[in-house]
Amino acid sequence: MRFMLLMIPKGYESAAPGAMPDPKAVETMMKYNESLQQAGLLIALEGLHPPSMGARITFNQGNPKVTQGISSDVEEVLGGYWIIQANSKQEAIEWASRCPASDNETIEIRQVQEFDDFPADIQQVVDQFPEMPHSYPTTAENTQTTNEAQIRQLIADQQRAICTKDVDWIMSRYANEVILFDVKPPFQTKGKDAVRQLWQDCLPYFPDAFEMETRDLTIAVNDDLAVAHWLFRFQGEQNHPAMQTWMRATAVCQKERGNWQILHEHISVPFHPETSQAAFTLNP
């Protein structure tokens, strides 16, 4: 599902032409935008100049009337927007809630209409213009988009389960015949029971409270098989060894009875072959 997050800043309706935001606020917002991009949700985003630099066109019996700027009775205007790909409205709400907005800003969430949302008569009208670039994907494209969103949600859910140290929730994401390649011995763990034991042994060594940062999530998916790879690290207690380490992750997922599960998972840390020392940072 695609959602548009509409930023509505109070007072922007009376902003002077050329008004610009505070650089510190822009820096904070750019970090938020970067987190959307790294999570694989961001499709597009734009900020808009004040309405005093724009125009409005109204229609009376088909006759247009152009008004420069904006009338004084308008109380809310759009300051910018994001378009994101999310698995549900709730996920879109969660991401919008993380925005570092100020007290005078409101975000409105609107789901984008997809081709399959329309009844057959409207679909037939759209299909009459096959060469027209429009935003309504075909059924095949919509299926791939949905599958990709489900894989992204699967990864996000597993990370939340790890952060809460909920073993049952973690294991609900794995297929029975899962094979896991870990960064520590035994390196290869086969089967759901063995993977459960591995998590039970590892989680007590994790910090009491932490989050996971994801970067460069890439997904290739078809009807029932998907491959995803990304970089991640833990965030929390700065003096904890796990907080200093970037790791690589690859997951092969398979759809079984309509549900995506992790069939193979590979976690690794690069190393310097000359010294056999692990490379924990993203710097070469």
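Because only heavy atoms are used, hydrogens play no part in the values below, and waters and symmetry mates are left out as well, while side chains stay in.
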Task: Partner of Tyr174 under side-chain hydrogen bond (donor to acceptor under 3.5 Å, both in side chains), chosen from Lys192, Gln261, Glu265 - done: Glu265
- [ ] Find out whether Glu34 and Met30 are in side-chain contact, i.e. whether some heavy atom of one side chain is under 4.5 Å from a heavy atom of the other.
- [x] no
Open item on the list: If I take atom CD from residue Gln158 and atom CD1 from residue Ile170, how far apart are they, to the nearest 0.5 angstrom?
Closed with: 7.0 Å
Task: Short side-chain to backbone donor-acceptor contact, Lys255 and Asn147, under 3.5 Å - done: no
Open item on the list: Could you tell me if the side chain of Met7 sits less than 4.5 Å from the side chain of Cys99, heavy atoms only?
Closed with: yes
Open item on the list: Measuring from atom CD1 of Ile107 to atom CZ of Arg98, what distance do you get when rounded to the nearest 0.5 angstrom?
Closed with: 12.5 Å
- [ ] Verify, without hydrogens or angle tests, whether Glu27 (side chain) and Ala25 (backbone) share a donor-acceptor contact under 3.5 angstrom.
- [x] no
Open item on the list: Using a 6.0 Å cut-off, check whether atom CD of Gln128 has over 12 heavy atoms from anything other than its own residue.
Closed with: yes
- [ ] Would you confirm whether Asn104, through its side chain, and Lys10, through its main-chain N or O, come within 3.5 Å as a donor-acceptor pair?
- [x] yes
Task: CG on Asn63 to CD1 on Ile57, rounded to 0.5 Å - done: 13.0 Å
Open item on the list: Regarding Tyr32 and Trp82, do their side chains bring together a donor and an acceptor under 3.5 Å, going by distance alone?
Closed with: no
- [ ] Please check if the side chain of Arg152 supplies one atom and the backbone of Gln85 the other of a donor-acceptor pair under 3.5 Å.
- [x] yes
Open item on the list: For Arg196, is there an ion pair with Asp193 - N to carboxylate O distance below 4.0 angstrom?
Closed with: no
Open item on the list: Nearest 0.5 Å, please: how far is CE in Met212 from CZ in Arg160?
Closed with: 11.5 Å
Open item on the list: Looking only at the side chains, is there a donor atom on one of Arg56 and Thr67 sitting less than 3.5 Å from an acceptor on the other?
Closed with: no
Open item on the list: Side chains of Phe210 and Ile162, heavy atoms from C-beta outward: is any pair under 4.5 Å?
Closed with: yes
TODO: Anything under 30° is parallel, anything over 60° is perpendicular, the rest tilted; go ahead and classify His266 against Phe181.
DONE: perpendicular
Task: Distance (rounded to the nearest 0.5 Å) between Cys163 SG and Phe206 CZ - done: 9.0 Å
TODO: Answer with yes or no whether the side chains of Ser102 and Glu105 bring together a donor and an acceptor at under 3.5 Å.
DONE: yes
Task: Atom pair CD/CG of Gln124 and Asp127 - distance to nearest 0.5 Å - done: 8.0 Å
- [ ] Without swapping roles, check the side chain of Thr189 against the backbone of Val195 for a donor-acceptor pair under 3.5 Å.
- [x] no
- [ ] Scan side-chain atoms only and decide if Asn33 and Gln37 contain a donor-acceptor pair under the 3.5 Å cut-off.
- [x] no
Open item on the list: Can you confirm whether more than 12 heavy atoms, excluding those of Gln123, are under 6.0 Å from its CD atom?
Closed with: yes
